[in-house]
Amino acid sequence: MALLSLLLLLLLPLTLDPAGATLIRIPLRRVYTGHGSLYHLRGWGPPAVPPRLGIPSPGDKPILVPLSNYVNAQYFGEIGLGTPPQNFSVVFDTGSSNLWVPSRKCYFFSLPCWLHHRFNSKASSSFRPNGTKFAIQYGTGRLDGILSEDKLTIGGIKGASVMFGEALWQPSLVFTLAHFDGILGLGFPILAVEGVRPPLDALVDQGLLDKPVFSFYLNRDPKAANGGELVLGGSDPNHYIPPLTFLPVTIPAYWQIHMEQVMLGIGLTVCAKGCAAILDTGTSLITGPTEEIQALNEAIGGSPLMTGQYLIQCSKVPALPPVSFLLGGVWFNLTAEEYVIQITRGGVSFCLSGFQALDLPPPAGPLWILGDVFLGTYVAVFDRGNQKDGARVGLARARPRGVGGQQGGPAQGRFSGGRSA
């Protein structure tokens, strides 16, 4: 099966973006399971010192990697590790900075290991052992393993030497049920455990990626044939409606920005005096402090669940007002159809609010997390910057996906001096 996948990958045609740069596109797949997210797994902690941003190399040749839609909320794609490549499905997560996959040497009672693809170091001619122990603390348990070094294949990039984790012990039930094997972090170096060089930095360091920029185009339409694309090295203008509105990263660890306020219709306002927010592809919903999320959900008629989520009457969705986020002087609107998630199981449909309460304690919190409910409507361009220019995030309305796709409403409500490009 792995050989067939590799042959198909080699036969894929190359395409060009409007600027003439080569784009490598890989077919996407979609898997439907029960609703879930990763936000409650991650241990949110404060960075100790500011990270050193990578220096971009010249040129502009974006590399595209396919994304599969996990539960219409989690997105993952395929990478290869070793020589020849051993294929793994990984979540591309902007809220962490390590790459890890299950190991063939995993502990016997680590159930997720036996249900997913496992890395076999003996089957790779380019494998280099390290053996340093690592651990990542999640909200529902620890992930333990050892560090190793081998070649990474991602999109059209081959032969990158990366340090990654071989997971030996995964006690979390979430990993047991997951349809992905591991996680590839796209956060800043300061978040990486054991000081490991993150994959993005390694690609740039080795001259395999032109600059430390990537963008996400996430498709939340359950009728669509694909889950979107991750573009490494730049962005694809065909994915969004210009202009991009750029916001500076306030703390270069998570992709954290300043949000000026959040408004429901023309009535309720939360985050009224401004608040911190992070853009996180590893989070399914939009989360925020309990008091503000509760007020927002009560205003749209949500009924609370034990999990901190809210149910919405599906019949009322067409009449619900938009929710607007003021970022960089620009209003980014979500219609009710975009912030309410409709789930159908056994012919029965129910609607779930895309806003969930999550209190993150100081010093990391309080903050909002703009997860896939937001990033499915707006393309995000993550630019790590260089020694002269700091890191920034660009946002623009995703282009309509065509018949059966997500059409969406206007990109901005009004503009008042936001930095755009």
Side-chain angles (χ1 to χ4, degrees), residues 21 42 46-65 67 77 79 90-99 152 154-155 157 160-164 183-193 195-218 229-237 239-240 244-258 276-283 327-328 369-370 375 378-396 419-421:
R42 187 176 303 117
V49 294
R52 291 176 295 176
L53 301 184
I55 301 174
S57 52
D60 185 11
K61 297 179 180 178
I63 302 296
L64 274 67
V65 175
L67 298 168
I79 65 168
V90 296
V91 171
F92 294 100
D93 177 24
T94 58
S96 64
S97 299
N98 286 87
L99 166 62
L152 171 67
I154 179 170
I157 299 177
S161 294
V162 295
M163 191 75 71
F164 67 99
I183 293 178
L184 189 152
L186 290 167
F188 289 81
I190 197 171
L191 294 182
V193 299
V196 171
R197 195 70 170 155
L200 181 71
D201 297 77
L203 294 174
V204 175
D205 292 345
Q206 296 167 43
L208 297 171
L209 192 64
D210 293 321
K211 51 188 177 180
V213 179
F214 60 93
S215 58
F216 276 92
Y217 174 71
L218 304 182
E229 282 179 328
L230 161 64
V231 183
L232 299 177
S235 61
D236 185 349
H239 286 166
Y240 57 84
L244 284 166
T245 297
F246 281 96
L247 302 101
V249 171
T250 54
I251 299 179
Y254 306 110
W255 289 90
Q256 183 170 323
I257 59 175
H258 176 70
I278 65 170
L279 296 156
D280 185 11
T281 58
T283 296
L327 302 165
I369 303 177
L370 304 182
L375 296 173
Y378 292 95
V379 168
V381 180
F382 299 84
D383 184 351
R384 285 275 298 277
N386 52 41
Q387 291 181 334
K388 178 181 178 181
D389 301 312
R392 60 181 188 167
V393 176
L395 296 171
R419 176 186 172 201
S420 300

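Counting heavy atoms from C-beta on, the side chains of Ile183 and Asn98 never come closer than 4.5 Å. Contact of the Phe216 side chain with the Phe382 side chain is registered, since non-hydrogen atoms from C-beta on lie closer than 4.5 Å.
A donor-acceptor contact shorter than 3.5 Å is absent between the side chain of Ser97 and the backbone of Pro198. Looking only at distances, a side-chain donor or acceptor of Gln206 sits under 3.5 Å from a matching main-chain atom of Ser161.
Between Thr250 and His258 the shortest heavy-atom distance is CG2-N, 4.0 Å. Asp201 and Arg384 get closest at one heavy-atom pair: OD2-NH2, 2.7 Å. Heavy-atom minimum distance, Gly394 versus Leu244: C-CD2, 4.0 Å. Scanning both residues, Ala192 and Val196, for their nearest heavy atoms gives CB-O, 3.2 Å. A pairwise comparison of heavy atoms in Leu191 and Ala253 identifies CD1-O, 3.3 Å as the closest pair.
Distance check, rounded to the nearest 0.5 Å: CG of Leu208 to CG of Leu232 gives 11.5 Å. With rounding to the nearest 0.5 Å, the separation of CG in Asp280 from OG in Ser96 is 8.0 Å. Between Lys211 atom NZ and Leu200 atom CG the span is 12.5 Å, to the nearest 0.5 Å. Here Thr283 contributes atom OG1 and Ile369 contributes atom CD1; the two are 4.5 Å apart, rounded to the nearest 0.5 Å. To the nearest 0.5 angstrom, Ile257 atom CD1 is 5.0 Å from Leu327 atom CG. In this structure, CD1 in Ile154 is found 6.5 Å from CG in Leu230, a value given to the nearest 0.5 Å.
Between Phe214 and the options Leu203, Thr94, Leu209, a side-chain contact (heavy atoms from CB on, under 4.5 Å) holds for only Thr94.
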Would Val213 and Val381 satisfy side-chain contact (heavy atoms from CB on, under 4.5 Å), going step by step from the backbone distance to the final call?
-> CA-CA 7 Å; Val213 179; Val381 180; 3.8 Å; yes
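Here Val249 pairs with Phe188, Pro252, Trp255, Ala391, Val393 under the side chain to side chain contact (heavy atoms under 4.5 Å, CB included) rule; sequence neighbours left out.
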